Protein chains: 2
Amino acid sequence: MDNSKLGSGEKLLLAALNLIAEKGYNGVTTLEIATAAGLSEKTLFRHFGSKQKLLEAAFDRYHYAEEMKKLFSEKLVWDLEEDLLLVSKTYHEIMNRNRKMIQISFKEESQLPGFRERTHRHPLQLLDILTNYFITMAEKGKIIPVDPEAHAFAFMMMHFGAFMNDLDSHKYYASISLEPFIQNSVKIFARALKP
Amino acid sequence: MDNSKLGSGEKLLLAALNLIAEKGYNGVTTLEIATAAGLSEKTLFRHFGSKQKLLEAAFDRYHYAEEMKKLFSEKLVWDLEEDLLLVSKTYHEIMNRNRKMIQISFKEESQLPGFRERTHRHPLQLLDILTNYFITMAEKGKIIPVDPEAHAFAFMMMHFGAFMNDLDSHKYYASISLEPFIQNSVKIFARALKP
DNA sequence: GTATTGTCAGTCAGTACTGACAGTCTATTT
DNA sequence: AAATAGACTGTCAGTACTGACTGACAATAC
């Protein structure tokens with residue numbers, strides 16, 4: 001990343017985001033963050049006042065916050081495979097965009113109450129959308145009419161697991177890259193839900 | 001938990017395990033741990049020498065280390081639903097037994113290299129077993145003969161996701177309790193893999 | 001009597017955070 | 001072109017506190 005053209009505030013936020021995601025809030029010093037940003041520690045405090053406020057600012061600045069409801073009511077085409085593909089790709093897009101924030105929210109959960117909830121708000125919306133989607137698809141007779149919420153949950157859990165597994169560069173399970181995994185997950189559910 | 005009959009060492013290990021899982025290694029002080037164990041800080045150092053060694057001792061003591069290969073070659077009955085049920089239940093059993101250690105390995109990854117790998121060794125074995133199981137099942141003509149490793153991976157990811165979601169008392173997605181989730185996951189794969 | 005633990009006082013290093021002062025860069029004014 | 005002002009940054013010395021860790025001694029328990 002080339003941060004040379006960013007303002008000092010931005011440089012500090014980015015450095016903080018990366019380091020805290022890696023080592024945890026308590027595992028990183030303000031001096032380290034400032035140095036990584038190519039600035040002096042003093043500048044850090046002049047900008048943010050305290051380490052805690054720096055973290056909060058980083059969160060506010062970098063967590064992805066976009067409405068999805070409309071997006072979906074427009075894009076869904078009521079073809080199971082195509083729509084599942086859209087949902088899972090959107091899911092991974094959101095999660096990857098929030099990658100660092102999610103890492104932080106997992107590590108600093110006790111110190112930063114409410115963080116986890118915020119990083120999971122958008123994925124949660126997707127779960128909701130998918131559940132309603134399954135219900136409607138069942139009404140249309142395009143999938144079996146049982147357990148729509150359970151199936152939506154299972155689908156999301158599968159992708160949540162894959163994302164988590166990949167979080168620190170997929171080295172703990174056999175590394176299967178994302179794209180074929182998504183394709184396969186869609187096929188599994190398409191076969192399972194076919195009436 | 002009633003720890004009153006445990007030796008001092010055990011009390012300290014348990015207290016350390018719980019507190020570090022909750023607040024992270026750097027988020028907890030030796031005094032806190034000792035107090036939680038009902039002992040003095042001095043006793044902690046007399047037993048373990050340093051904070052770091054305490055953590056390592058806790059890991060060695062409490063991470064689940066059992067061979068599974070034999071277990072499975074004995075228990076598999078080559079009925080898809082029944083065997084998937086066994087695999088997923090075994091998986092969640094292992095993961096829950098290692099719950100705290102897994103939390104720690106996620107939070108302290110940078111500080112404790114190799115931890116994550118160790119906590120994931122046994123689940124990895126399961127993935128291996130499941131892959132081979134699918135291959136054999138395909139040879140027997142009991143499931144479709146495509147992508148056995150991808151399907152095994154997908155199955156494990158689904159349960160990994162569910163476990164992770166549940167790690168801090170399932171409050172970030174709609175809470176669906178474990179047992180029905182397992183049942184449903186098995187049904188999905190049974191339908192998807194049926195020839 | 002031996003082993004284990006508590007108390008207490010204290011050391012030492014690290015770390016968040018501050019104040020005073022000086023330097024630099026940019027834009028505006030003259 | 002030169003001067004000036006204002007915003008931003010670096011340096012450095014220092015404060016205040018925390019937290020890992022120690023040593024000496026006393027108390028308790030088996």
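Residue numbers start from 1 in every chain, and the chains themselves are labelled A, B, ... in the order their sequence lines are given, proteins ahead of strands. Treat the numbers as computed from the prediction; the structure is a model and nothing was measured.
Checked against ring-ring contact (aromatic ring centres under 6.0 Å, His included), Phe59(B) has the following partners two or more places apart in sequence or in another chain: His63(B), Phe115(B). With sequence neighbours left out, the side-chain contact (heavy atoms from CB on, under 4.5 Å) criterion links Phe45(B) to Thr30(B), Glu41(B). In this view, His92(B) and His159(B) satisfy the side-chain hydrogen bond (donor to acceptor under 3.5 Å, both in side chains) rule, not counting sequence neighbours. Partners of Asn26(A) under the side-chain contact (heavy atoms from CB on, under 4.5 Å) rule, at least two apart in sequence or in another chain, are Gln111(A), Asn26(B).
Within residues 36-46 of chain A, the residues having any heavy atom closer than 4.0 Å to DNA chain D are, in order of number, Gly38(A), Leu39(A), Ser40(A), Lys42(A), Thr43(A), Arg46(A).
Regarding Leu55(B), its CG atom lies at a distance of 18 Å from the P atom of dG19(D), rounded to whole Å. If you take CG of Leu31(B) and C1' of dT7(C), they are 13 Å apart, rounded to a whole angstrom. Here dT18(C) presents its P atom at 15 Å from NZ of Lys51(A), a figure rounded to the nearest Å. Here dG19(D) presents its P atom at 18 Å from CD of Gln52(B), a figure rounded to the nearest Å. Ile33(B) has its CD1 atom 15 Å from the C1' atom of dT18(D), to the nearest Å. In this entry the distance linking CG of Asn26(A) with C1' of dG19(D) reads 12 Å, nearest Å.
Looking only at distances, a side-chain donor or acceptor of Glu32(B) sits under 3.5 Å from a matching main-chain atom of Thr29(B). Panel note: side chain His151(A), backbone Asn184(B); no donor-acceptor pair is recorded below 3.5 Å.
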Review item, nucleotides 25-28 of chain C N/O atoms under 3.5 Å of protein N/O:
none

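Between His47(A) and dT9(D) there is a side-chain N or O to OP1 or OP2 distance below 4.0 Å.
Looking at Asp60(A) and Lys53(A), no side-chain N of the basic residue comes within less than 4.0 Å of a carboxylate O on the acidic one, giving no salt bridge.
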Inset, instruction - Step by step, work out the salt bridge (charged side-chain N to carboxylate O under 4.0 Å, His left out) result for Arg191(A) and Glu81(A). - result: CA-CA 10 Å; Arg191(A) 273 191 64 110; Glu81(A) 296 211 19; over 6 Å; no
